[in-house]
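Working notes, structure below.
Note that these values count all heavy atoms, side chains included, but never hydrogens, waters or copies made by symmetry. These numbers were taken from a predicted model, which means no experiment stands behind them. Convention: sequence-line order gives letters A, B, ...; per-chain numbering from 1.
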Amino acid sequence: MENLWLASGLAQIQMNQAIMILVGLALLFLAIRKKFEPLLLVPIGFGGIMANIPGAGLASSALELALYAQDPMVIGAARELFEMPVAHIDAVLHAIDNSAYSIHAQLSAVAQDAGYNNGALYNFYSVAIASGVAPLVIFLGVGAMTDFGPLLANPKTLLLGAAAQFGIFATVLGAVGMTYFGIMDFSIAEAAAIGIIGGADGPTAIYVASMLAPDLLGAIAVAAYSYMALVPLIQPPIMRALTTEAERQIVMTQLRTVSKREKIAFPVIVLILVGFFIPDAAPLLGMFCLGNLMKESGVVDRLSDTAQNALINITTIFLGLSVGSKLAADKFLDPKTLGILALGIVAFAIGTAAGVLMAKLMNVFAKQKVNPLIGAAGVSAVPMAARVANKVGLESNPHNFLLMHAMGPNVAGVIGSAVAAGVMIAVVKAFG
Amino acid sequence: MENLWLASGLAQIQMNQAIMILVGLALLFLAIRKKFEPLLLVPIGFGGIMANIPGAGLASSALELALYAQDPMVIGAARELFEMPVAHIDAVLHAIDNSAYSIHAQLSAVAQDAGYNNGALYNFYSVAIASGVAPLVIFLGVGAMTDFGPLLANPKTLLLGAAAQFGIFATVLGAVGMTYFGIMDFSIAEAAAIGIIGGADGPTAIYVASMLAPDLLGAIAVAAYSYMALVPLIQPPIMRALTTEAERQIVMTQLRTVSKREKIAFPVIVLILVGFFIPDAAPLLGMFCLGNLMKESGVVDRLSDTAQNALINITTIFLGLSVGSKLAADKFLDPKTLGILALGIVAFAIGTAAGVLMAKLMNVFAKQKVNPLIGAAGVSAVPMAARVANKVGLESNPHNFLLMHAMGPNVAGVIGSAVAAGVMIAVVKAFG
Amino acid sequence: MENLWLASGLAQIQMNQAIMILVGLALLFLAIRKKFEPLLLVPIGFGGIMANIPGAGLASSALELALYAQDPMVIGAARELFEMPVAHIDAVLHAIDNSAYSIHAQLSAVAQDAGYNNGALYNFYSVAIASGVAPLVIFLGVGAMTDFGPLLANPKTLLLGAAAQFGIFATVLGAVGMTYFGIMDFSIAEAAAIGIIGGADGPTAIYVASMLAPDLLGAIAVAAYSYMALVPLIQPPIMRALTTEAERQIVMTQLRTVSKREKIAFPVIVLILVGFFIPDAAPLLGMFCLGNLMKESGVVDRLSDTAQNALINITTIFLGLSVGSKLAADKFLDPKTLGILALGIVAFAIGTAAGVLMAKLMNVFAKQKVNPLIGAAGVSAVPMAARVANKVGLESNPHNFLLMHAMGPNVAGVIGSAVAAGVMIAVVKAFG
Amino acid sequence: MSSNDILQQGADLLMLGMGSVFVFLSVLVVATTAMSWFINRWLPEVEAEPVARKPAPSTEINSKTLSIIKQAIAQHRVAKGRASAE
Amino acid sequence: MSSNDILQQGADLLMLGMGSVFVFLSVLVVATTAMSWFINRWLPEVEAEPVARKPAPSTEINSKTLSIIKQAIAQHRVAKGRASAE
Amino acid sequence: MSSNDILQQGADLLMLGMGSVFVFLSVLVVATTAMSWFINRWLPEVEAEPVARKPAPSTEINSKTLSIIKQAIAQHRVAKGRASAE
Ligand code: NA
Ligand code: NA
Ligand code: NA
């Protein structure tokens, strides 16, 4: 909870809210007119506008609303809890900001006694994101829509998906570097949450941000989805700069057909390996693999169907509105947002470059050459990045269809960034 | 929580429950045989029967069940909390009835320690209605089903939707009048919640009642849906009484076609104006506009589809059962219910009259005459009221199709009553 | 909460988890390859694997995770709460295990303060099963898929559904007998929960187990669904042993057509009778009857459709994962599980026998003979048991189609075991 | 609680349980029979029931589609037969 | 609270409520009219809007199915007609 | 925490993170390759896999509908051709 509302005047707050409404309108424009990831950006943009309606407090908790109003009952209860009977009100608010979960729970009850209620968007956020459930359900549905066939036909493309995750960690280093040089003030948890933008995977970014840096979640999600929509602009120059015409013309042998049994076994193997090596990535990848197993097993089609349709759609609506709630002016209009937007695009660029370079490195050793363009698809952004690889490839050789070859690294990138997410959550927890 | 169960004997309670089971059966009969708003009245009627099963306590919380049973552990905890060690048990129960949210939370925990559990319908009510979420989700779906084209083609019909809300506020005055003359004992919050029946909009009525008068919610919702089903009986005599044959024959010019861009811009404009003028109406109208934007934008059809089908259907089932939980005998069998039923039909009648008269008033000033029958559609009750206007119009002029013209005030009435709801919530909150 | 983790070393725990992962894989194999109730066993098996990922704690609450880690903050808070400042840590843990709901709630808040979070599967379990909602929603959907026509055409087949419930209660007696002879240590509540396996109805078994013996829920649900899948193997030998060739050849008269009005009235009558006689069965049977009424009334097809598809599918996914969370090694790898598996199959066998014998008994008195094979369908396991009756009947008389006749006792068995569940919950509650 | 107690409780549960199940379902047999008699005697569905059920969309499509398929196949065969006969 | 107070509150609610409803919807009339004018003046949809809406799948199937049915029925009649004419 | 510390933490995260990602996905390459080899060597799908996947209903309808449409159109053209030829 920011104490911004005390430092600045009411006019300033309303000006900030007006700015954020314009940001929401801009997101709607990009989503509707430019088709920027509309499934998420329509509810995010709309939720962002709702969150910034002056006086409605839709994105605020009952306790936050009571504190905005400096409700005497709640302030009094806080004075008693903290045993600071004569302290200045600012000191009390500051103490609340820094207090633990159980203190918040007690003061929330007092605020509800005093007649305050959680805003609708705040409730959506609690249920959908703070609980962690919405990204998991999205992963279930995405898993049920994913075909691992191309990956199974050529498993070494998994390494391209690994390399592209360098964008994530390079960005973490960039963020802590900004802190080191005093440009920004990111904690290591915040830096990790920003880095995950480079994973080019919306639900993973939201999942990590909700755990490590909930206040930055709005900016991180907006950056992630916007740059995913911009992949066709961001990637091609980098891909062309790092490859020769000859490399871009490399023709890859046709993929073998993959049997149904391999497709059934794969999600189970991924789950067990993830459980063994990276337990913190198990929730995300577990749901992803369950979705995929439901699809490939062919015995629970009605569940797979629902996971791909009603369930993922319902979750997407509330996930989007919940992210929108984090576009409240006091959270979003912060210099950190600019830092996040700058670092996010760098993350995409580095991830793309790392994927391409990894492919070139593999060609040094392997007999079967891969077209380095498909390395760029390793950032995920499924299926956009794979399409971009195909398109750039066609420019050099109009008969060389790379799409299926690029789908391997593309879905590998999803696994890769979920693994990276798990590692970051575990390591940041260990840093304490 | 009513202490009714202490005042009357067990036999009386069971007689009351038997009566309410008959009421539930009557609602099922109306819904199934007479097609009275079956989507809501089937689950409401069924939930009403379930809520009145003697001894099952499906509509009661764990705490209520412990108090019915006069559980010594819970009573003891209450004695300690209120520091009334020797008071009569009635005094303790009375103190609990009047205690705050946080006291209830503590005693609920004790009741659960003592082995009591919330009834299933109570849980549905908490999640679907007490949280406010179900009416919002219904509005999302209704928004995705609404076509604002006729309204955009003739925006001044918005004023008809405004006028018809007079039914709401006249009814509030009627309710406080009853209190003034000692016929009933409605608080101002209860009067406001009753008035909203005149909005002829189910989810709005439930939303307002859940905030201002949860104990009356059952009667208010039943009245609202029943009278909406009775619109073809209630409205025509009023419409005929207030118009001349010549007026009813007025032919309106065909509506211009409305471009997709206007339809996309409209929900965004409504959201921003609501946020600026009536923030307390922002949750309801925000979700309504989001649903409409999802439909009109054409870029998130899968979300719009789910909002119109799986999501609204699931929510309707639980909303209906939750409303049914408020048909528990101790809440419903109260003289107030008769007052509510009487006031509700007056509200519909006044709203209809106000809409028609407003249309006649507009004809005094405007060059383009409107057929005053479409004013009656301003009460909402979409799309029934519009069809009634069309039907009454055809009686006077068999070639004058008013349906599309009446759809404008009809959807305007939805906006109008949501605005009225927001104002009432804000004003009643201010009355304290 | 078991204190197993204190008694055994880490290596033992991990070995147990490895075993449970193999159990999960076996369930997936049975579900996918052998088509054993795949709709439930795919998510249960997968959830079982997830629940046993070492170190991930997906099936544990925040408090359990804090206690595994022997978090000093939480242990300290417990020492204070229980006023045992110098007690050994084992004593503190033991005190927590045996403490009430409200103590758990307080310590959970402390654990969350200390940075622990509920595992994802734990959250699913809380929302879907501990609240009781998932089995109710499944029953709503199953009700909307059930045709009571054959039952209404021949109501006395209800008695066959009654007789088959003898499997439930005989198994309870078996379980308490095991306790009496010191083979196992089942409480009466646990014995009742185990008996319900004989109901051959998954959601009923989960509902009862969640109320009476949550720690055994995993084993009970796995046994119930596995044996339901094995009905074609378990039942035929028993059916053949208890009937003569002549009895198996009995031809039943064709069923009369049942009017729509009878089908509409039936679920309402069942609800009212259940409410009057067995209020504790009202939640399950109420939802079942509501689903059926939604289907038969024909006026709320969109609700009925959603209850049969999106809603039941979504609930099935989370119900399965939640049951899987109870396959955590410390709950499942217990001698009791072997007892449950042994008793479960006995329950199915006794239920089958009781159904067949009841049919033979009815033939002693009735003029219209019934083929005793359809008595076996009274265990429920819809529609598998009815198909088995049909198949065994065809072996004796290739022109005698018993399927529709067997559907009567089959759906009667669902009602019967829900009634049995209600009685058991009420009686065990009364035992205290 | 002694071991005997739990045996006793199990036996009680068996009695109460089977008793309730049989009583309840017997009552249901009577109630259902009475209801059917009453409806067929006093409230018969005279003609095509006005509350005709709108078939679920998917089923509708399937059955329509199926009938079309049958027809199409039939016509196809006829056409082929004619063609090969010519 | 005296009985007069609640009458006063009711009257206040009536004034504030109807006032707000009329002001708000009047503003909306103006805003909507302005918006429509602006869009039709400055942002007309030139041709077939590129954001063409994908019809809902079920509808699509239905309409296709319907057209097929119509055709099939028509052909059926023609065939029958021919058959009975022969 | 000094500024150096956070740099150190960032570097640690980079090492641990990329290390884990590469190790994990490399292990997955090996495991997947082994799995594919094992299945294709020991558990080949002999014929039409018995676990044949039931196509999603909508797709089924679509493909059926499409084939019907094609046929219907073809017949329609034939019929029209015949009609105009007569
Ligand atoms: Na990625
Ligand atoms: Na209205
Ligand atoms: Na059963």
Contact part of C:Val274 toward chain D, heavy-atom cut-off under 4.5 Å: side chain, backbone, both or neither?
-> both
Under 4.5 Å from a heavy atom of chain D, the part of C:Ile278 involved = side chain
Residue selection (most heavy-atom pairs with chain D, distance under 4.5 Å) from C:Val428, C:Val258, C:Leu158, C:Val423 | C:Leu158
Return yes if some donor-acceptor pair links the side-chain N/O of C:Asn292 with the main-chain N/O of C:Ala144 below 3.5 Å, else return no.
-> no
Sub-3.5 Å donor-acceptor pair from the side chain of C:Glu262 to the main-chain atoms of C:Ser259, do we have one?
-> yes
Pick one of side chain, backbone, both or neither for C:Ala281, based on which atoms fall under 4.5 Å of a heavy atom in chain D.
-> neither
Between C:Asp201 and C:Ala418, is there a donor-acceptor pair closer than 3.5 Å when you use the side chain of the first and the backbone of the second?
-> no
Which portion of C:Ala420 sits near chain D, non-hydrogen atoms under 4.5 angstrom = both
For C:Phe181, is it the side chain, the backbone, both, or neither that has a heavy atom closer than 4.5 Å to a heavy atom of chain D?
-> neither
Most contact-rich option vs chain C, by heavy-atom pairs under 4.5 angstrom, among D:Asp12, D:Thr33, D:Val30, D:Thr32, is D:Thr32
Is the number of heavy atoms from other residues, nucleotides or ligands under 6.0 Å of C:Phe276 CZ greater than 12?
-> no
dist C:Met407:CE -> C:Leu151:CG (nearest 0.5 Å) comes out at 10.0 Å
Spell out, as yes or no, whether a donor-acceptor pair under 3.5 Å connects the side chain of C:Thr157 to the backbone of C:Leu160.
-> no
Option that, when pairs with chain D are counted at under 4.5 Å, heavy atom only, ranks first among C:Leu273, C:Val427, C:Leu173 | C:Leu273
Hey, does the side chain of C:Lys260 reach the backbone of C:Glu296 with a donor-acceptor pair shorter than 3.5 angstrom?
-> yes
Region of C:Met178 in contact with chain D, defined by heavy-atom distances below 4.5 Å | neither
Could you tell me which portion of D:Leu28 (side chain, backbone, both or neither) has an atom closer than 4.5 angstrom to a non-hydrogen atom of chain C?
-> both
With sequence neighbours excluded, residues passing side-chain hydrogen bond (donor to acceptor under 3.5 Å, both in side chains) with C:Asp147 = C:Lys263
Side-chain donor or acceptor of C:Asp185 paired with backbone N/O of C:Thr179 under 3.5 Å | no
Given the options D:Leu16, D:Leu13, D:Val23, which has more heavy-atom pairs under 4.5 Å with chain C than any of the others?
-> D:Leu13
Proximity breakdown for C:Ser304 and chain D, heavy-atom pairs closer than 4.5 Å | neither
Identify which part of C:Phe166 has an atom lying under 4.5 Å from any heavy atom of chain D, answering side chain, backbone, both or neither.
-> both
